[in-house]
Amino acid sequence: MDRASIRSATTEDYSHTLVAPGTRAIALVDCNAFYASAERVFQPSIANHPTIVLSNNDGCVIARSAEAKALGIAMGAPFFKIKSLIRKENVVVFSSNYALYGDMSHRVVATLSQFAPDVEVYSIDEAFLDLTGFLDRDLTAYCREIKRTVQQWTGIPVGIGIAETKTLAKIANRLAKKSAKTGGVLNLVGTRYRTAALERTEVGDVWGIGRRYAAMLGLNGIKTALALANADDRWIRKKMGVVGLRTVFELRGIACIPLELAPPARQSCCCSRSFGNAVTTAGGLREAVASHVATAAAKIRRSGLAAGSVNVFISTNRFKPEDPQYSNAITLTVDVATHNGLALGRVARRAVDMIYRDGYAYKKAGVILLDLQPAAGVIGTLFDDPDPRGDAVMGAIDTINNRYGRSTIRLAAEGFGQPWQMRRTKLSPRYTTRISEVPVVKAS
DNA sequence: TCTGGGGTCCTAGGACCC
DNA sequence: TCTGGGGTCCTAGGACCC
């Protein structure tokens with residue numbers, strides 16, 4: 001698509017005159033550099049300053065403001081490798097603060113819900129809107145209004161792409177952000193610009209096409225989204241399965257991926273961390289795993305779920321190939337599905353002891369709770385001895401931690417020094433989620 | 001010194017059954 | 001020695017997403 005046609009596609013929108021009956025309109029709203037934007041909402045003085053947010057453990061870059069991108073800071077860049085650039089360019093750095101981002105995300109979704117009856121919250125910074133009911137309007141103008149309102153109400157800048165399918169809406173969204181001419185909103189519904197949009201989209205940038213498929217397709221001469229849309233169905237089916245074929249249909253404007261208005265019940269719940277300092281003892285590993293299983297158990301309690309099995313995994317530092325390497329994992333089943341942190345902790349500890357080997361420097365451990373099921377429907381075994389006190393204890397722990405912050409109260413098994421805890425040296429304050437200070441309790 | 005975390009779905013192959 | 005056909009369930013691994 002040349003620049004002139006993008007301009008005319010967005011500034012003079014005749015699209016609604018071309019729309020065929022039965023057409024759907026899906027908008028993808030995507031927050032720009034979401035984590036960095038969320039931090040800047042509360043520090044207006046850095047509004048135009050290069051800003052980045054780091055992953056857990058302050059490991060690598062996971063969000064970059066436009067100014068930071070312009071400096072050449074790559075997504076996923078290890079922090080220690082760009083430290084000198086950061087200093088030189090005076091880049092503002094934050095440790096990730098998911099409590100803040102989750103809260104800001106809710107505000108954005110609440111705003112979007114004012115504009116469309118059906119909203120799918122796709123991720124923390126993206127939502128699909130069903131705008132089919134608004135096809136008689138100028139969708140571009142409508143989405144500009146959405147964009148303006150989100151910015152005004154939440155302080156978060158967004159880009160919006162509109163098309164007949166989710167996969168096309170993703171492409172429209174990407175082009176909307178890439179081309180300043182669009183002003184952040186691009187509508188492909190019923191327009192003749194779809195072909196041009198597909199042509200200027202690399203196949204690896206299509207939603208559902210990852211690195212491996214992009215390489216395989218490239219070797220077979222399919223380098224653009226347009227080429228993929230025109231590929232042979234049977235060949236795609238053979239090479240990429242039904243998922244790949246769905247993507248191809250979506251590129252042709254045939255919707256195969258419905259909006260999911262109610263989030264599907266989650267099937268697993270994972271908590272894992274790299275250690276701030278390597279762990280070399282079984283005791284240290286047990287503590288870390290106890291802490292992770294407590295976190296994961298609290299999460300499933302919040303969702304009213306119980307776990308039927310527990311997977312524990314441990315590994316050494318794969319970035320130090322000169323060190324002896326070892327990683328292992330094991331899944332143990334629980335007699336009776338539970339969300340009790342003590343019961344799950346016992347199983348997890350058994351798992352750790354089964355896979356732990358002496359003589360390694362461990363860098364990471366994690367827990368995955370599996371076979372999740374509604375806690376209300378759990379059926380005990382014949383020899384089951386349910387202990388109602390366990391539930392009461394867990395309930396009390398949740399109440400305290402919800403009010404005063406996570407890990408205000410925790411199990412002794414999680415340890416006290418916790419030398420393995422992750423680094424978060426650049427954490428921003430709890431702008432939106434602080435309820436009150438933890439009171440000092442005096443012994444009497 | 002320092003390289004994230006949390007998910008989903010599909011497929012192939014093996015075990016087992018009739 | 002010859003040696004069917006169909007089905008289910010489970011798991012590991014591979015692919016993808018943000």
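What's counted below: heavy atoms across the whole structure, side chains too, no hydrogens, waters or symmetry copies. Bear in mind the structure is a predicted one, so any value in this text is a computation, not a measurement. Lettering follows sequence order; numbering is per chain, from 1.
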Asks: Hey, is the side chain of K320(A) poking within less than 4.0 Å of OP1 or OP2 on dT1(B), counting only N and O atoms?
Replies: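 Looking at the OP1 and OP2 atoms of dT1(B), neither is under 4.0 Å from any side-chain N or O of K320(A).
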Asks: Any carboxylate oxygen within less than 4.0 angstrom of a Lys/Arg side-chain nitrogen, looking at E199(A) and R194(A)?
Replies: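 Salt bridge between E199(A) and R194(A), a charged N being under 4.0 Å from a carboxylate O: no.
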Asks: Could I get a table of every N or O pair under 3.5 Å where one atom is in the protein and the other is in nucleotides 9-11 of chain C?
Replies:
none

Asks: Give me the stems containing DNA chain C, sorted by first residue, counting only three or more consecutive Watson-Crick or G-U pairs with both distances under 3.5 Å; say none if there aren't any.
Replies: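 So far as stems of 3 or more pairs are concerned, DNA chain C shows B:5-18 with C:5-18.
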Asks: Please examine the side chains of F134(A) and P117(A), heavy atoms only from C-beta on, and report whether any two atoms are closer than 4.5 Å.
Replies: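 Yes. Closest side-chain heavy atoms under 4.5 Å.
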Asks: Is it true that K426(A) and D58(A) have a side-chain N and a carboxylate O under 4.0 angstrom from each other?
Replies: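 Not counted as a salt bridge, because no side-chain N and carboxylate O are separated by less than 4.0 Å.
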Asks: Which nucleotide in the set dG7(B), dG4(B), dG5(B) lies at the smallest distance from any side-chain heavy atom of K299(A)?
Replies: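 Selected nucleotide: dG7(B).
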Asks: How close or far is atom C1' of dT8(B) from atom CG of L370(A), stated in whole angstroms?
Replies: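 So the CG-C1' distance, L370(A) to dT8(B), works out to 13 Å.
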Asks: Ion pair present between R237(A) and D233(A), side-chain N to carboxylate O less than 4.0 angstrom?
Replies: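 No salt bridge links R237(A) with D233(A).
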Asks: If I take atom CG in residue N57(A) and atom P in nucleotide dC2(B), what distance separates them, rounded to the nearest angstrom?
Replies: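 In whole Å, dC2(B) P and N57(A) CG are 11 Å from each other.
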Asks: Could you state the atom-to-atom distance from CZ of R64(A) to C1' of dG4(B) in whole Å?
Replies: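 About 15 Å, once rounded to whole Å.
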Asks: Take the protein atom CG of D323(A) and the nucleotide atom P of dT1(B), then report the distance between them rounded to whole Å.
Replies: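 My rounded result for the distance is 12 Å.
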Asks: Classify the nucleic acid contact of S96(A) as base, sugar-phosphate or nothing, counting any heavy atom under 4.0 Å across all strands shown.
Replies: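 S96(A): no heavy atom of the nucleic acid under 4.0 Å.
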Asks: Counting only pairs under 3.5 Å, give me each side-chain donor-acceptor contact of residues 204-229 of chain A, with atom names and distances, residues two or more places apart or in other chains.
Replies:
{"from": "D205(A)", "atom 1": "OD2", "to": "R174(A)", "atom 2": "NH2", "distance (Å)": "2.9"}
{"from": "W207(A)", "atom 1": "NE1", "to": "Y122(A)", "atom 2": "OH", "distance (Å)": "3.2"}
{"from": "N220(A)", "atom 1": "ND2", "to": "M216(A)", "atom 2": "O", "distance (Å)": "2.8"}
{"from": "K223(A)", "atom 1": "NZ", "to": "G218(A)", "atom 2": "O", "distance (Å)": "3.2"}
{"from": "T224(A)", "atom 1": "OG1", "to": "L226(A)", "atom 2": "N", "distance (Å)": "3.4"}
{"from": "T224(A)", "atom 1": "OG1", "to": "A227(A)", "atom 2": "N", "distance (Å)": "3.1"}

Asks: Let's see if you can work this out: which of dG4(B), dT3(B), dG6(B) has an atom nearest to the side-chain heavy atoms of N317(A)?
Replies: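 So the side chain of N317(A) is nearest to dT3(B).
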Asks: Between atom NZ in K81(A) and atom P in dG4(B), what is the gap in whole Å?
Replies: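 K81(A) atom NZ is separated from dG4(B) atom P by 11 Å.
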Asks: Rounded to the nearest Å, what distance is computed from the CZ atom of residue F79(A) to the P atom of nucleotide dG5(B)?
Replies: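 The distance from CZ of F79(A) to P of dG5(B) comes to 16 Å, rounded to the nearest Å.
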Asks: Considering only NZ, NE, NH1 and NH2 on the basic side and carboxylate oxygens on the acidic side, decide whether R24(A) and E250(A) come within less than 4.0 Å.
Replies: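 No.
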Asks: Only counting residues at least two apart or in another chain, list the ones meeting ring-ring contact (aromatic ring centres under 6.0 Å, His included) with F79(A).
Replies: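 With neighbours one apart ignored, the set is empty.
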Asks: Can you confirm if the NZ or CZ of K364(A) lies within 45° of the ring axis of F275(A) and under 6.0 Å from the centre of its six-membered ring?
Replies: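 That pair does not qualify as a cation-pi contact.
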Asks: What does nucleotides 12-18 of chain C look like as a protein-contact string, B for base, S for sugar-phosphate only, - for none, at under 4.0 angstrom between heavy atoms?
Replies: ---SSSS
Asks: Tell me whether the side-chain N/O atoms of K364(A) come closer than 4.0 Å to OP1 or OP2 in dG5(B).
Replies: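 K364(A) to dG5(B) OP1/OP2: side-chain N or O found under 4.0 Å.
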Asks: Please work out if F319(A) contacts a base, only the sugar-phosphate, or nothing of the nucleic acid, heavy-atom cut-off 4.0 Å.
Replies: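 It contacts base atoms.
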Asks: When the nearest nucleotide of DNA chain B is assigned to F80(A) and to V243(A) on a heavy-atom basis, which residue is associated with the more 5' position?
Replies: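 Comparing both residues, the 5'-ward one is F80(A).
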Asks: Does anything in residues 343-363 of chain A pair up under ring pair (Phe, Tyr, Trp, His ring centres under 6.0 Å), and if so which pairs, sequence neighbours excluded?
Replies: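 Non-adjacent pairs meeting ring pair (Phe, Tyr, Trp, His ring centres under 6.0 Å): Y326(A)-Y360(A), Y356(A)-Y362(A).
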Asks: When the P atoms of dC18(C) and dT3(B) are considered, how many whole Å apart are they?
Replies: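 One P to the other, the span is 25 Å.
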Asks: Measure the distance from CZ on R266(A) to P on dG6(B) and round it to the nearest whole Å.
Replies: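 So the CZ-P distance, R266(A) to dG6(B), works out to 10 Å.
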Asks: Which residue, V242(A) or D58(A), contacts DNA chain B at a nucleotide closer to its 5' end, judged by nearest heavy atom?
Replies: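 By nearest-heavy-atom nucleotide position, the 5'-most residue is D58(A).
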Asks: Cation over ring, R252(A) on F249(A), under 6.0 Å and within 45°?
Replies: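 Here R252(A) passes the 6.0 Å and 45° test against F249(A).
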Asks: Can you tell me how far P of dG7(B) sits from OH of Y98(A), to the nearest Å?
Replies: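 Atom OH in Y98(A) sits about 12 Å away from atom P in dG7(B).
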Asks: When you get a sec, tell me which of dT8(B), dG6(B), dT3(B) is the closest nucleotide to the side chain of R273(A)?
Replies: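 Nearest to the side chain of R273(A) among the choices is dG6(B).
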Asks: Is a donor on one side and an acceptor on the other found under 3.5 Å between the side chain of S105(A) and the backbone of I124(A)?
Replies: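 The answer is yes, because a donor-acceptor pair under 3.5 Å joins these two groups.
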Asks: Is there a donor-acceptor contact under 3.5 Å from the side chain of S268(A) to the main chain of L369(A)?
Replies: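 Side chain of S268(A) to backbone of L369(A), a donor-acceptor pair under 3.5 Å: no, none is there.
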Asks: Would you tell me if any nitrogen or oxygen in the side chain of S272(A) comes within less than 4.0 Å of OP1 or OP2 on dG6(B)?
Replies: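 Indeed, a polar side-chain atom of S272(A) lies that close.
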Asks: Between the main-chain N or O of R318(A) and the side-chain N or O of K363(A), is there a donor-acceptor pair closer than 3.5 Å?
Replies: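 The answer is no, because no donor-acceptor pair under 3.5 Å joins these two groups.
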